[in-house]
Amino acid sequence: MSQTESEPTVPADKTSGLRLRARLRYLYHGSQPPAVRFRLMVITVDFAIIAFFLASPILKNMGVAFYVLDYLIAAILAADLAARAYAYSDIRDWLKRPIVWLDLFILATLLFPIWLFNLGFLRMLRLWTLLNSDFFWRTIGAKFDDTRVEAIVRALSGLVTFVFVVTGFVYATFRGHDGINGYVDALYFTVATLTTTGFGDVTLPGSAGRLLSIAIMLVGITLFLRLAQALIKPHKVRFPCDRCGLQTHDPDAVHCKACGNLLCIPDED
């Protein structure tokens with residue numbers, strides 16, 4: 001009499017977990033239209049959150065309503081980070097990425113707004129992490145083969161993020177001193193210093209203020225030069241060489257400049 005062996009069964013909760021992970025990987029990394037639409041929705045929500053961060057110094061006067069909105073955004077950001085971590089193949093490797101740690105710090109400022117509000121200006125780093133993320137360029141950048149568009153956006157994101165991070169720092173640190181009476185005053189000082197205009201009607205007190213002004217000017221010049229370089233950079237198209245893997249080439253290139261391989265770059269004209 002033969003004895004049949006029963007097939008091993010997978011616990012239902014583990015099966016559900018595998019299905020959820022597969023679904024999240026599809027949404028966050030897939031190339032099908034539903035996945036792209038999902039990522040576009042996430043990016044739209046991200047921009048709305050960044051707008052809230054920008055207006056936070058003014059919205060704080062709303063009282064309880066501000067903290068309700070703050071915790072709501074914290075819940076959205078936490079859910080997004082948890083979903084991205086679960087969709088990633090190796091969570092430890094995911095945690096090694098600096099952008100992830102920036103997002104976790106931003107989440108901490110949302111969860112503890114009373115204690116960390118003076119560091120709230122660092123929330124604007126979310127703009128930089130978004131516009132420099134693979135998530136953004138897999139979704140938006142896929143529509144452009146011109147690498148100059150990506151270079152300009154990255155350079156502009158660095159400049160804009162720097163302006164608002166410094167503005168928030170000046171507002172939080174020097175409010176009430178020498179003309180810094182509101183957020184607009186801090187923004188005015190930052191832009192005037194960044195562009196080296198130096199009207200002098202709004203200044204920061206002491207040696208710390210002078211050192212900060214010097215740092216703003218030096219970093220600002222560097223960021224402006226980077227943006228100018230991106231604007232005048234020669235036009236390139238993204239077309240990976242199937243032999244050496246070189247990603248960008250001149251639009252009219254016939255051969256790969258790295259290995260000489262014959263290229264067949266599509267020409268819509």
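Checked by atom type and distance alone, the side chain of Ser133 pairs as donor or acceptor with a backbone atom of Leu130 at under 3.5 Å. Judged by distance alone, with hydrogens and angles left aside, the side-chain atoms of Arg21 form a donor-acceptor pair with the main-chain N or O of Tyr86 at under 3.5 Å. Under a 3.5 Å cut-off, the side chain of Asp103 and the backbone N or O of Val100 do not form any donor-acceptor pair. Without hydrogens or angle criteria, Arg25 side chain to Ala87 main chain gives a donor-acceptor distance under 3.5 Å.
Annotation: side chain to side chain contact (heavy atoms under 4.5 Å, CB included) contacts of Arg37 (sequence neighbours excluded): Pro33, Pro34. Judged as a ring pair (Phe, Tyr, Trp, His ring centres under 6.0 Å), and not counting sequence neighbours, Tyr188 has no contacts. By the side chain to side chain contact (heavy atoms under 4.5 Å, CB included) test, Thr197 pairs with Thr195, Phe199, sequence neighbours left out. Listed by chain and residue number, Thr167 satisfy the side-chain hydrogen bond (donor to acceptor under 3.5 Å, both in side chains) test with Thr190 (two or more places apart in sequence, or in another chain). Shown here are the side chain to side chain contact (heavy atoms under 4.5 Å, CB included) partners of Leu156, two or more places apart in sequence or in another chain: Val160, Leu227. Under the rule for a side-chain hydrogen bond (donor to acceptor under 3.5 Å, both in side chains), Arg23 has no partner lying at least two apart in sequence or in another chain. Partners of Ser157 by side-chain hydrogen bond (donor to acceptor under 3.5 Å, both in side chains), not counting sequence neighbours, listed by chain and number: Asn132. Checked against side chain to side chain contact (heavy atoms under 4.5 Å, CB included), Thr161 has the following partners two or more places apart in sequence or in another chain: Leu125, Leu127, Trp128, Val165.
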**Study point:** Criterion side chain to side chain contact (heavy atoms under 4.5 Å, CB included) on Phe174 and Leu212, from CA distance to verdict
**Key:** CA-CA 11 Å; Phe174 296 97; Leu212 177 61; 3.8 Å; yes

Review point. Step by step, would you call Val153 with Trp137 a side chain to side chain contact (heavy atoms under 4.5 Å, CB included)?
Key: CA-CA 10 Å; Val153 171; Trp137 289 107; 3.7 Å; yes

Review point. Given the rule in the side chain to side chain contact (heavy atoms under 4.5 Å, CB included) test, do Leu24 and Tyr88 qualify, once you have shown the distances and angles that lead to the verdict?
Key: CA-CA 9 Å; Leu24 289 174; Tyr88 208 79; over 6 Å; no

Exercise for review: Start with the C-alpha distance between Phe169 and Leu122, add both sets of side-chain angles, then the distance that settles side chain to side chain contact (heavy atoms under 4.5 Å, CB included), and finish with yes or no.
Suggested key: CA-CA 8 Å; Phe169 176 76; Leu122 293 175; over 6 Å; no

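Once rounded to the nearest 0.5 Å, the distance linking CD1 of Ile91 with NZ of Lys96 reads 13.0 Å. To the nearest 0.5 angstrom, Met124 atom CE is 9.5 Å from Ser56 atom OG. Taken to the nearest 0.5 Å, the CG atom of Asp80 stands 7.5 Å off from the CD1 atom of Ile49. Summarising the geometry, atom CG belonging to Leu102 is positioned 9.0 Å from atom CZ belonging to Phe105; distances are rounded to the nearest 0.5 Å. Note: Thr129 OG1 to Arg97 CZ = 10.5 Å, rounded to the nearest 0.5 Å. Between the CZ atom of Phe189 and the CG atom of Leu194 there is a distance of 10.5 Å, given to the nearest 0.5 Å.
Applying the side-chain hydrogen bond (donor to acceptor under 3.5 Å, both in side chains) test to residues at least two apart or on different chains, the pairs with a partner in residues 40-53 are Asp46-Arg126. Counting only residues at least two apart or in different chains, salt bridge (charged side-chain N to carboxylate O under 4.0 Å, His left out) contacts with residues 216-226 are absent.
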Do any side-chain atoms of residues 62-74 form donor-acceptor pairs under 3.5 angstrom with protein atoms, and if so which ones, sequence neighbours left out?
| residue | atom | partner | partner atom | Å |
| --- | --- | --- | --- | --- |
| Asp70 | OD2 | Arg123 | NH1 | 3.4 |
| Asp70 | OD2 | Arg123 | NH2 | 3.2 |
| Tyr71 | OH | Leu111 | O | 3.2 |

Side chains of residues 216-223: which donor-acceptor pairs under 3.5 Å do they make with residues two or more places apart or in other chains?
| residue | atom | partner | partner atom | Å |
| --- | --- | --- | --- | --- |
| Thr222 | OG1 | Leu218 | O | 3.0 |

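Centroid-to-centroid, the aromatic rings of Tyr28 and Phe135 come within less than 6.0 Å.
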